[in-house]
Amino acid sequence: AFVLVYKWSARVGKKKVFLIGNGIFALCLPLLVTMKHFPIFGWAINWVVMLLGGAELSFGVIVLLHTLTIFTMAVIPIATVFVLPRAIFADIVDLDAELTGYRREAMYNGMEGLLTKFAAGLATIIAPLLLKYGGDTFENPWGILLAGPVAGVLLLLGYLAFKKYPIEK
């Protein structure tokens, strides 16, 4: 999907593609919580299989199909996360050089690294707390299952913040 994201962003703009990718990803991640108790996509596929004359699928297969459907929906959003941030970063550095006449890539790179490390550190706090208070076993999986919705909320906050990004290209 990397090539698709690259071509799409060249056509409609990095900001728009990044926002769409993050928005879809923010919607996909909370769906993971439905995996064990309410696999709606798996049930829909099972219904189509039965409608076409096939046998009813086992619950394990339904859960697997549900999960694979969510992962498939997340392919393009994940590609945007891998492809576009460095290209957006380059646009910011180029705009700054154009406006100020200074090349300050090192300063921007340092700040980007600082913010990335902060976010990674925050994740190492949130994940263990989810597992400790929500559970991390087959019998009590809510800490694991809630990781998707929590990540989705954080992505939604990132989406809202990035809407203010001024470079439209």
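Sequential numbering from 1 along the given sequence is applied to the chain's residues.
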> Does the pair M50 and L57 meet the rule for a side-chain contact (heavy atoms from CB on, under 4.5 Å), with working shown?
Replying inline: CA-CA 9 Å; M50 289 174 49; L57 303 172; over 6 Å; no
>> Let's go through Y165 and L19 carefully: what are the C-alpha distance in whole Å and the side-chain angles of both, what is the deciding distance for side-chain contact (heavy atoms from CB on, under 4.5 Å) to 0.1 Å, and is it a yes or a no?
In response: CA-CA 10 Å; Y165 177 70; L19 282 171; over 6 Å; no
> Can you tell me how far the CG atom of L29 sits from the CD1 atom of I24, to the nearest 0.5 Å?
Replying inline: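 So the CG of L29 and the CD1 of I24 are separated by 12.0 Å.
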> What distance do L131 atom CG and L146 atom CG have between them, rounded to the nearest 0.5 Å?
Replying inline: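 Rounded to the nearest 0.5 Å, the CG-CG separation comes to 10.0 Å.
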>> If hydrophobic residues (ILVMFWY) are linked whenever their side-chain heavy atoms come closer than 4.5 Å, directly or via other members, who joins L129 in its cluster?
In response: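 Noted: L129 shares its cluster with I125, Y133.
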> What residues, two or more places apart in sequence or in another chain, satisfy salt bridge (Lys or Arg N to Asp or Glu O under 4.0 Å) together with E98?
Replying inline: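 Counting only residues at least two positions away or on another chain, E98 forms no salt bridge (Lys or Arg N to Asp or Glu O under 4.0 Å).
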>> Once ring pair (Phe, Tyr, Trp, His ring centres under 6.0 Å) is applied, what residue pairs with a partner in residues 10-32 remain, sequence neighbours excluded?
In response: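 For residues 10-32, and leaving out neighbouring residues, the ring pair (Phe, Tyr, Trp, His ring centres under 6.0 Å) pairs sorted by first residue read F18-F162.
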> Got more than 12 heavy atoms from elsewhere within 6.0 Å of CZ, F38?
Replying inline: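 No, CZ of F38 has 12 or fewer neighbouring heavy atoms, counting only those of other groups under 6.0 Å.
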Quick check on the hydrophobic clustering: are [X] and [Y] connected, directly or via other members, by side-chain heavy-atom contacts under 4.5 Å?
X: L160; Y: V17; answer: yes
X: I45; Y: L31; answer: yes
X: L154; Y: I144; answer: no
X: M107; Y: F89; answer: yes
X: L99; Y: I167; answer: yes

> Side chains of I20 and V12: closer than 4.5 Å at any heavy-atom pair?
Replying inline: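 No; the side chains remain at least 4.5 Å from each other.
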For [X], check side chain to side chain donor-acceptor pair (under 3.5 Å) against everything at least two apart and list the hits.
X: E112; answer: R86, T116
X: Y108; answer: D96
X: E139; answer: none

> Please, which pairs that meet side-chain hydrogen bond (donor to acceptor under 3.5 Å, both in side chains) have at least one residue in residues 6-16, sequence neighbours excluded?
Replying inline: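 Listed once each, the pairs are K14-D91, K15-E168.
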>> Taking side-chain hydrogen bond (donor to acceptor under 3.5 Å, both in side chains) as the cut-off, I'd like each qualifying pair that reaches into residues 42-52, sequence neighbours left out, listed once.
In response: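 Matches after skipping sequence neighbours: none remain.
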> What residue pairs, at least two apart or across chains, pass salt bridge (Lys or Arg N to Asp or Glu O under 4.0 Å) with a residue in residues 48-71?
Replying inline: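 Every candidate salt bridge (Lys or Arg N to Asp or Glu O under 4.0 Å) pair involving residues 48-71 fails, so no pair, neighbours aside, qualifies.
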Going by atom type alone, with no hydrogens or angles, which donor-acceptor pairs under 3.5 Å involve a side-chain atom of residues 65-84 and a protein atom two or more places apart or on another chain?
unit_1: H66; atom_1: ND1; unit_2: I40; atom_2: N; d: 3.4
unit_1: H66; atom_1: ND1; unit_2: F41; atom_2: N; d: 3.2
unit_1: H66; atom_1: NE2; unit_2: T34; atom_2: OG1; d: 2.8
unit_1: T67; atom_1: OG1; unit_2: V63; atom_2: O; d: 2.9
unit_1: T69; atom_1: OG1; unit_2: L65; atom_2: O; d: 2.7
unit_1: T72; atom_1: OG1; unit_2: L68; atom_2: O; d: 2.7
unit_1: T80; atom_1: OG1; unit_2: P77; atom_2: O; d: 2.5

>> Among residues at least two apart in sequence or on other chains, which ones pass side chain to side chain contact (heavy atoms under 4.5 Å, CB included) with P141?
In response: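 With neighbours one apart ignored, the set is K36, L145.
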